[in-house]
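What follows is a set of notes on a single structure, which appears directly below.
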Amino acid sequence: MRKIVIAGNWKMYKTQADAVAFLQGFMPHLNDIADDREVVLCVPFTALVGMSQSLHGSLIRLGAQNVHWETAGAYTGEVAAPMLTELGVRYVIVGHSERRQYFGETDETVNLRLKAAQTAGLTPILCVGETKQQRDTGETESVIFSQLENALNGIDQTNLVVAYEPIWAIGTGDTCESAEANRVVGLMRAQLTNPDVPIQYGGSVKPDNVDEIMQQPEIDGALVGGASLQPNSFARIVNFSARR
Ligand code: 13P
């Protein structure tokens, strides 16, 4: 059975003090979380140390938002996998559209980062998704298939999560209709060599739409931006009504 993974992506939000305050509000909700689901918080690098200490012994997994492909070197501003694993980080987001759009991330660097993450024992969350213009011109499938093929070249599909994040749905409140997200995720799964890879949906997931999204048979989780920043809303999301 495919694992359910609900991950918060805090992006460039929250100081370490803010992160600890979040946990104080969020932790009391955790007793209610069904044990069939993995909950991950992908926090800024600067919050990892504090979160690592605060989450020790809890069910929440710690995630980072990027990783470099070398284990060390002259790469100013980058962070290497051993720096993450030392802190107990389990997951890392790779190839988020904001990295691709604003920081020159390419399919090739995404592929290198995926390999480095897996080599270090991290589970990468590979993000793919089309722009509004690509969707409007009927290129959704070809764009996503090409992103998957290039990113996954030579990648072990046993320690991997994939996220379908249509760019036009990110931070806009314009959620992809759940049946359409389900359709695209099903097509993505058919491109994978391992059909058990969990595939998340991301893009304006909120407390009031998470149940419908998670009731879709192909969707195995959510990658949540804005709604993961508030303890109550993220708690509602991780406690979505189960379909299975
Ligand atoms: P929002 O949930 O804010 O739309 O962000 C989605 C996202 O980019 C998660 O990685």
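The chain is numbered in sequence order, starting from 1. The figures here come from the full heavy-atom set of this structure, side chains too, leaving out hydrogens, waters and symmetry mates. In each ligand, atom 1 is the first atom listed, and ligand 1 is the first ligand listed.
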>> When you group the ILVMFWY residues by side-chain heavy-atom contacts below 4.5 Å and let the links chain together, are Tyr91 and Phe22 in the same group?
In response: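 No, separate clusters.
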>> Out of the candidates Leu112, Leu152, Asn150, only one should pair with Asp107 under the side chain to side chain contact (heavy atoms under 4.5 Å, CB included) rule; please name it.
In response: Asn150
>> For the CZ atom on Arg90, are there more than 12 heavy atoms of other groups (residues, nucleotides or ligands in this structure) within a distance under 6.0 Å?
In response: no
>> Please classify the Ala169 to ligand 1 contact at 4.0 Å (heavy-atom distances, strictly less than): side chain, backbone, both or neither.
In response: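 Contact part for Ala169 vs ligand 1: backbone (N, CA, C, O).
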>> Applying a heavy-atom cut-off of 4.0 Å, say which part of Ile170 lies close to ligand 1: side chain, backbone, both or neither.
In response: both
> Where is the nearest protein heavy atom to atom 3 (O) of ligand 1: which residue, which atom, and how far?
Replying inline: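 Result: Gly226 N, 2.8 Å.
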> Does Asp174 come within less than 4.0 Å of Lys132, counting only side-chain N to carboxylate O?
Replying inline: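 Judged by the 4.0 Å cut-off on N to carboxylate O distance, Asp174 and Lys132 do not form a salt bridge.
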State the atoms of ligand 1, each with its element, that fall below the 4.0 Å cut-off from a heavy-atom position in [X].
X      : answer
Asn9   : 9 (C), 10 (O)
Lys11  : 5 (O), 6 (C), 7 (C), 8 (O)
Gly171 : 1 (P), 3 (O), 4 (O)
Glu165 : 6 (C), 7 (C), 8 (O), 9 (C), 10 (O)
Gly225 : 1 (P), 2 (O), 3 (O), 5 (O), 6 (C), 9 (C)

>> Does anything in residues 45-74 form a ring-ring contact (aromatic ring centres under 6.0 Å, His included)? List the pairs, not counting sequence neighbours.
In response: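 Passing the test, one end in residues 45-74: His68-Tyr75.
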> Would you say Ser204 touches ligand 1, if touching means a heavy atom closer than 4.0 Å?
Replying inline: yes
> So Arg2 and Asp36, salt bridge (Lys or Arg N to Asp or Glu O under 4.0 Å) or not? Walk me through it.
Replying inline: CA-CA 10 Å; Arg2 302 193 307 262; Asp36 65 345; over 6 Å; no
> Any idea which of Gln200, His96, Lys206 brings a heavy atom closest to atom 8 (O) of ligand 1?
Replying inline: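 Answer by nearest heavy atom: His96.
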> Looking only at heavy atoms, what is the nearest atom pair of Ala151 and Val110, with distance?
Replying inline: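 For Ala151 and Val110, the tightest heavy-atom pair comes out as CB-CG1, 3.9 Å.
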